[in-house]
Amino acid sequence: MIKNNILFLILPILLFSGCDQFSRFNYENYNCGNNSTGINEIILEKVKKGSNVKLKYNQSYSASVEINKVSGREVLITFKNKNVRINRDTASLTAKENNKVTIIECKLSKFKM
């Protein structure tokens, strides 16, 4: 009887502690500073195709861009004729415009509530 009560108390804790879908709000903030692409900051809220990404460009211009594709831990967006690949593991951006490819190391901060 005691084993059943202990199991009854511990099982819900184990189930809910590993579930990310129960968070009310989360986002990933990629701060890339000043660079040749002009992309200073990217904020991901929902990481799925069609969701919007907030983008800060040239320190003053803000835009909302739609996610084109999510492939594993990479997110693809298009902004001002640039194809931007966000690597969520390494916090790096790869921006491709025509034949020019730029790789930017960003600082990642995550918030979850």
Apply the test side-chain contact (heavy atoms from CB on, under 4.5 Å) to residues Asn34 and Gln59: give CA-CA distance (whole Å), side-chain angles for both, the deciding distance (0.1 Å), then the verdict. CA-CA 8 Å; Asn34 294 325; Gln59 295 292 345; 2.6 Å; yes

Verdict with supporting geometry, Cys106 and Leu93, side-chain contact (heavy atoms from CB on, under 4.5 Å): CA-CA 7 Å; Cys106 303; Leu93 303 181; 3.7 Å; yes

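Sorted by first and then second residue, the disulfide (SG to SG under 2.5 Å) pairs with a member in residues 44-98 form an empty list; sequence neighbours excluded.
Atom CD1 of Ile104 sits about 13.0 Å away from atom CG of Asn87, to the nearest 0.5 Å. The line from CD of Glu28 to CG of Leu108 is 6.0 Å long, rounded to the nearest 0.5 Å. Once rounded to the nearest 0.5 Å, the distance linking NZ of Lys110 with CG of Asn26 reads 9.0 Å. Note: Leu44 CG to Asn52 CG = 11.0 Å, rounded to the nearest 0.5 Å.
Under a hydrophobic clustering in which Ile, Leu, Val, Met, Phe, Trp and Tyr are joined whenever their side-chain heavy atoms come within less than 4.5 Å, directly or via other members, Val65 and Tyr30 fall into the same cluster. Cluster membership for Val47 and Val84, using ILVMFWY side-chain heavy atoms within less than 4.5 angstrom, is shared. Tyr27 and Ile42 are not part of a single hydrophobic cluster, where members link through side-chain heavy atoms under 4.5 Å apart. Grouping the Ile, Leu, Val, Met, Phe, Trp and Tyr side chains by contacts below 4.5 angstrom, directly or via other members, places Ile86 apart from Ile43. Cluster membership check: Leu55 shares its hydrophobic cluster with Val70, using side-chain heavy-atom separations under 4.5 Å among Ile, Leu, Val, Met, Phe, Trp and Tyr.
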Extract all donor-acceptor atom pairs below 3.5 Å that involve side chains of residues 73-83 and protein atoms in other chains or at least two apart in sequence.
unit_1	atom_1	unit_2	atom_2	d
Arg73	NE	Asp89	OD1	3.0
Glu74	OE1	Arg85	NH1	2.9
Thr78	OG1	Asn68	ND2	2.7
Thr78	OG1	Asn83	OD1	3.2

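Of all non-hydrogen atoms in Glu66 and Gly50, the two that sit nearest each other are CG-O, 3.5 Å. Between Lys100 and Thr102 the shortest heavy-atom distance is CE-OG1, 3.7 Å.
A side-chain donor-acceptor contact under 3.5 Å links Asn40 to the backbone of Asn58.
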